[in-house]
Protein chains: 2
Amino acid sequence: MMTTVDAVSFRLHQAKLQVLFYRRPCAPFQHDLALPSTQVNKAHDRCLADALLRIFIDYKLPTPAFSEQVITVGGSERDPRGWSASVVYFCLFKDEQMLAQEGWHWLDVAPLLQGEGEIAFDHRQLVTHAVERLKMKSRYSTLPVYLLGEEFTLSELQQAFEVILDVPLNRAAFRRRISRANLLEETGNSRTGNQRPAALYRRRGSGEVLFDQVMNGCAQ
Amino acid sequence: MMTTVDAVSFRLHQAKLQVLFYRRPCAPFQHDLALPSTQVNKAHDRCLADALLRIFIDYKLPTPAFSEQVITVGGSERDPRGWSASVVYFCLFKDEQMLAQEGWHWLDVAPLLQGEGEIAFDHRQLVTHAVERLKMKSRYSTLPVYLLGEEFTLSELQQAFEVILDVPLNRAAFRRRISRANLLEETGNSRTGNQRPAALYRRRGSGEVLFDQVMNGCAQ
DNA sequence: ACAATAGTGTCTATAAGACAATATGGT
DNA sequence: ACCATATTGTCTTATAGACACTATTGT
């Protein structure tokens, strides 16, 4: 039986959530868009996480800032070549590390979930699962920080949440929450523009922070 | 490569959370306790959930009231026979349907997680994963109802949460929460004893209910 | 001065947790 | 009457969301 690890790789680009695909050079689903994937290799992979990392190493892509297993799907109908199983991970990248990768396609998540694009296998469904997980966790954790660069403003962080959750958030409440999480530290620098400069922050050591209450968005 | 589906089957018995094991008749790990499991069968299983159900059918066990995929682990060190992958599900059973199953062992979760018992493979670790998931979801959903019988009192439901979370809960808050969930309906019957009878409830159609706020227990 | 965005103060609503009062059966 | 548990009322605290006010830069 064929067992693969598939990566649903997210980035935020121009206020859109995007997922990484490549165009399949050969059948089945020739010319369709597919998720980067690899067969589990008994000789090289000590565990499934190794196989995931090998995807990015083999394709000379950067290493994800965060990754997490989402689901494993298996069945006889997924691949015309026969029974197969895929272990699906979602991976978060900083936009800046993913500039100008030749031969790769970043697709906006929204139209993709609406059914746009020629997508190979059940990969649209796999993206749906990964987006669901990302949205769910973004409601009660600080996961989206991993989609931002080294330094960022609180407004940029809020926008990351808003893009993922697809709902506007209350500014004051958002800032209180992030402040309580004690997740960030000021870098001392600030981002300037045609307005009041914003303080820049970086992640502090600690990892993901979980909250006792979820965010539901606001009316604004 | 060997791909199996493993079941972490929970029940509540005498105010303890227990997991179902059997004793391995042959090597490797002969005589150790192992989780019920089956190899994915290309001919008989259309998907992974089919393989899970086949475990219970093949062993003539009842069907779980609820099941959910937890994680997939894979690696070269898990099984002395070579690289293997296991898709782990947790399954919830009503205590009453699991009485007197010959040849099966229900182990209390607490000592199991403390390292007690001779457990085959990495199955103790798999139980740890499943318990974590069950605890996490019990903090913000109504999942534990699937561990109770047809009819139950609110005190019994609260005790189910308390056993899983291993923390006492506030009675008034718990009842308000369950009431808001609109998950139950009174059966009209009541449970009698040497005290005021308690109203009996049953699950109403709707499935699992998610809350916006998690329970943290109380001082009592 | 004005535009634009950053940052904060304060009010309301909701729900958790604390605690105690009341209700209702068996003995 | 008394015990044990069920059920409910109410107070406090924490946090989300609403909304508006102040702050600080470039033009």
Side-chain angles (χ1 to χ4, degrees), chain A residues 15 135-136 138-142 148 151-162 165-202 209-220, chain B residues 15 136 138-142 148 151-162 165-201 209-220:
Chain A
K135 284 178 87 158
M136 185 62 88
S138 297
R139 291 182 70 202
Y140 63 81
S141 84
T142 55
L148 298 179
E151 290 192 330
F152 49 85
T153 69
L154 291 181
S155 294
E156 287 162 0
L157 182 59
Q158 181 170 346
Q159 191 189 246
F161 279 87
E162 289 175 332
L165 297 174
D166 195 27
V167 73
L169 298 176
N170 182 276
R171 200 157 14 123
F174 179 80
R175 285 165 176 256
R176 280 192 305 252
R177 192 176 167 101
I178 295 298
S179 166
R180 260 200 317 282
N182 205 29
L183 175 78
L184 307 178
E185 60 187 10
E186 287 200 52
T187 66
N189 308 325
S190 57
R191 176 142 303 161
T192 57
N194 292 356
Q195 69 285 328
R196 172 172 172 178
L200 283 167
Y201 295 81
R202 74 167 72 85
V209 176
L210 301 179
F211 295 96
D212 278 356
Q213 210 167 328
V214 306
M215 287 191 298
N216 285 309
C218 70
Q220 280 160 32
Chain B
M136 186 63 88
S138 298
R139 291 183 69 202
Y140 63 81
S141 84
T142 55
L148 298 179
E151 290 192 329
F152 48 86
T153 69
L154 291 181
S155 293
E156 288 163 1
L157 182 58
Q158 180 170 348
Q159 191 190 246
F161 278 87
E162 289 175 333
L165 296 174
D166 194 27
V167 72
L169 298 176
N170 181 276
R171 206 158 6 126
F174 179 80
R175 292 164 102 97
R176 279 193 304 254
R177 192 178 168 103
I178 295 299
S179 165
R180 261 200 316 281
N182 206 29
L183 174 78
L184 306 179
E185 59 186 13
E186 287 199 53
T187 66
N189 307 326
S190 56
R191 176 141 305 160
T192 56
N194 293 357
Q195 68 285 328
R196 172 172 172 178
L200 284 167
Y201 295 81
V209 176
L210 301 179
F211 296 96
D212 279 356
Q213 210 166 329
V214 305
M215 288 190 299
N216 286 309
C218 70
Q220 278 160 32

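Here is the naming used below: chain letters follow the sequence lines, and residue numbers restart at 1 for every chain.
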Could you tell me how far apart B:Gln213 (CD) and D:dT15 (C1') are, to the nearest whole angstrom? 7 Å
Without decimals, in angstroms, what is the distance between A:Arg191 CZ and C:dA6 C1'? 13 Å
Considering just the side-chain nitrogens and oxygens of B:Arg180, establish if one lies under 4.0 Å of OP1 or OP2 belonging to C:dA16. yes
Between C:dT5 (P) and A:Gln158 (CD): distance, integer Å: 13 Å
Side chain of B:Arg176, base of C:dG17: donor and acceptor closer than 3.5 Å? yes
With a cut-off of less than 4.0 Å, is there a side-chain N or O of B:Arg175 near OP1 or OP2 of D:dT7? yes
Nearest-Å distance, CG (B:Asn170) to P (D:dG9)? 15 Å
Is any side-chain N or O of B:Asn194 under 3.5 Å from a base N or O of D:dA4, one able to act as donor and the other as acceptor? no
To the nearest Å, give me how far apart CG (A:Asp212) and C1' (C:dA16) are. 10 Å
When rounded to whole Å, the CD1 to P distance for the pair A:Ile178 and D:dA16 reads 10 Å
Which whole-number value in Å describes the distance from A:Phe174 CZ to D:dA18 C1'? 17 Å
Please report the distance, rounded to the nearest Å, between CZ in A:Phe211 and C1' in D:dT15. 11 Å
Determine whether a donor-acceptor pair (one donor, one acceptor, N or O, separation below 3.5 Å) exists between the side chain of A:Arg196 and the base of D:dG26. no
If the cut-off is 4.0 Å, is A:Ser155 near the phosphate of C:dA6, judged by side-chain N/O to OP1 or OP2? yes
